[in-house]
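Chain letters run A, B, ... following the sequence lines, proteins first, then strands; residues in each count from 1. All values reported here derive from a predicted model rather than from experimental measurement. Any value given below was found using the heavy atoms of this structure, including those in side chains, with hydrogens, waters and symmetry copies removed.
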2 protein chains.
Amino acid sequence: MTLNLTMAIIRSVPDSSDTKLRLRLSRAGVRPTRQRLTVLKALAAEQHDATAQEIYARLRRRGERVGLATVYRTLSLLSEREVVDELAHHPTETCYRLCSPGHHHHLVCSECHRVEELGSCDLEPWLDRAAGSRGFVPTSHTLEVVGLCAGCRAS
Amino acid sequence: MTLNLTMAIIRSVPDSSDTKLRLRLSRAGVRPTRQRLTVLKALAAEQHDATAQEIYARLRRRGERVGLATVYRTLSLLSEREVVDELAHHPTETCYRLCSPGHHHHLVCSECHRVEELGSCDLEPWLDRAAGSRGFVPTSHTLEVVGLCAGCRAS
DNA sequence: ATAATTGCAAAGCGTTTGCACCCTG
DNA sequence: CAGGGTGCAAACGCTTTGCAATTAT
């Protein structure tokens, strides 16, 4: 039981050691500069999703030397290379989240804004059937679920 | 056959007669001004979704007297009152669509940007099960499907 | 050495807002 | 006539871009 819990925690929290993050970058063909590592590390430390501005502010407060433009450029590059996820639930600004690889969806808590991954999406068969009857062939889909997480429900 | 087609067309194209649109507004508790009717009519005439700027440009080109701010204010009000749907698939600007009432999702064609409604969403049971195992209680969800519509697939 | 990356400040762009005027009820 | 609605232009907030200096391979 304790082991299961521990494993679950290990699996759910992205590894934020420098080497692992560096590896994530080079695997994606992204040159691992000091700034990019810094941004990625900040994102890895987040429970919630974060905007470019939030990450920038957090890093500057901490005394890190990064430019706002670099944060934007980094996040957009990482999102393009599928190192980070882009969430659409906020209309005016883009939110980013460091997630596990592979297709999945997100549970966003409306109370504390914590983001959980909803792995293993078996929506495709249903989707293909529903859309197919209209001659529509799906190539991609995004599902965002808003609700209350376990923690917030308790209080 | 002809009858079926006709009925399908009637059902799929929102009624854009002034009286019907006027009714939609008052039912939503929105005062039916000339500008609001104009915006709603423009939206009803769209096959695709449309941004505030697009609708504004279209109306001005047609010689209609509306301000850009009014278009923004109208669309946001109508979206709030659930007269129109708001699509999130475009990151930088908000797209609007006049849809049939009730919970549904959207099929967006990546080629021609036509938007089709995916009625009858029986996702909830699946969602409750998937999220529930994490203690997460969904309150709402949005699903956006991108793909190729029948017309574009043919060419 | 060479090409990519960064920082800054300026520009861009979609959207919102203040306010005087106008209309509708 | 009272109160919401409108138009214009200015203000806003997020994001991108031009360019010279810097850094990684």
Side-chain angles (χ1 to χ4, degrees), chain A residues 18-19 21-43 49-81 83-84 86-96, chain B residues 18 21-22 24-26 28-43 49-81 83-84 86-97:
Chain A
D18 276 41
T19 23
L21 293 181
R22 201 179 283 272
L23 195 64
R24 281 207 188 205
L25 289 184
S26 47
R27 249 188 311 205
V30 174
R31 211 190 280 188
T33 65
R34 173 180 57 80
Q35 290 88 334
R36 286 172 179 170
L37 271 169
T38 308
V39 169
L40 197 52
K41 199 144 91 180
L43 207 50
D49 51 1
T51 65
Q53 310 255 8
E54 283 168 353
I55 288 189
Y56 172 71
R58 219 149 293 181
L59 292 178
R60 289 308 278 255
R61 219 175 293 129
R62 204 185 297 167
E64 303 272 6
R65 293 167 300 110
V66 265
L68 178 56
T70 301
V71 174
Y72 273 103
R73 283 189 276 234
T74 299
L75 287 173
S76 119
L77 176 67
L78 292 184
S79 153
E80 191 182 300
R81 302 294 174 85
V83 177
V84 303
E86 207 165 296
L87 304 214
H89 60 92
H90 198 310
T92 52
E93 52 194 338
T94 312
C95 296
Y96 296 92
Chain B
D18 276 41
L21 293 182
R22 201 179 284 270
R24 281 210 187 203
L25 288 183
S26 46
V30 173
R31 211 193 279 184
T33 65
R34 172 180 57 82
Q35 289 88 336
R36 286 173 179 168
L37 271 169
T38 308
V39 169
L40 197 52
K41 198 144 95 180
L43 207 50
D49 51 1
T51 66
Q53 311 253 10
E54 284 168 353
I55 288 189
Y56 173 70
R58 221 149 292 180
L59 291 179
R60 288 309 278 255
R61 218 175 295 130
R62 205 184 299 166
E64 303 272 7
R65 294 166 300 112
V66 264
L68 178 56
T70 300
V71 175
Y72 273 104
R73 284 190 276 235
T74 299
L75 287 174
S76 122
L77 177 67
L78 292 184
S79 154
E80 192 182 299
R81 302 293 174 85
V83 177
V84 303
E86 206 164 296
L87 304 213
H89 60 93
H90 198 308
T92 52
E93 53 194 336
T94 311
C95 295
Y96 295 92
R97 186 87 170 88

Separation of A:Leu59 atom CG from C:dT6 atom C1', in whole Å? 15 Å

Does OP1 or OP2 of C:dT5 have a side-chain N or O of A:Arg36 closer than 4.0 Å? yes

Which one, C:dG14, D:dG7, D:dT15, comes nearest to the side chain of B:Gln53? C:dG14

Which residue lies more 5' along DNA chain C, comparing B:Arg34 with A:Arg31 via nearest heavy atoms: A:Arg31

Would you tell me if any nitrogen or oxygen in the side chain of A:Thr92 comes within less than 4.0 Å of OP1 or OP2 on D:dC14? no

For A:Tyr72 and D:dT15, is the shortest distance between a side-chain N/O and OP1 or OP2 below 4.0 Å? yes

N/O donor-acceptor pair under 3.5 Å between B:Thr38 side chain and B:Arg34 backbone: yes

Which nucleotide wins on minimum distance to the side chain of A:Glu93, given the candidates C:dT15, D:dG7, D:dC14? D:dC14

Side-chain N or O of A:Gln35 closer than 4.0 Å to phosphate OP1/OP2 of C:dG7: yes

Give B:Thr94 one of three labels, base, sugar-phosphate or nothing, depending on what nucleic acid heavy atoms sit under 4.0 Å from its own. sugar-phosphate

In whole angstrom, what separates A:Tyr56's OH from D:dC14's C1'? 14 Å

In whole angstroms, the gap separating C1' of D:dT17 from CG of A:Leu68 amounts to 13 Å

Output the distance between atom CD (B:Gln35) and atom CG (B:Leu37), rounded to the nearest 0.5 Å. 9.5 Å

Enclosure of B:Arg65 CZ (heavy-atom neighbours >12, cutoff 6.0 Å): no

Distance in angstrom units between B:Arg65 CZ and D:dG5 C1', rounded: 14 Å

The answer to which of B:Thr33 and B:Thr51 contacts DNA chain C further toward the 5' end, by nearest nucleotide, is B:Thr51

Counting heavy atoms from C-beta on, name the nucleotide in C:dT6, C:dT17, D:dT25 closest to the side chain of B:Ala69. C:dT17

A:Glu64 atom CD is separated from C:dT6 atom C1', nearest whole Å, by 15 Å

A:Gly29 versus A:Arg81, closest heavy-atom pair with distance: O-NH1, 3.2 Å

Of all the heavy-atom pairs spanning A:Arg36 and A:Arg31, show the shortest one and how long it is. NH1-O, 2.9 Å

note: A:Leu25, atom CG; C:dA4, atom P; distance rounded to Å ~ 18 Å

For the pair made of NE2 in B:His90 and P in C:dC13, what is the distance, rounded to whole Å? 13 Å

When all nucleic acid strands are considered with a 4.0 Å heavy-atom cut-off, which category describes A:Arg73: base, sugar-phosphate, or nothing? base

D:dT15 P sits how many Å from A:Leu77 CG, rounded? 16 Å

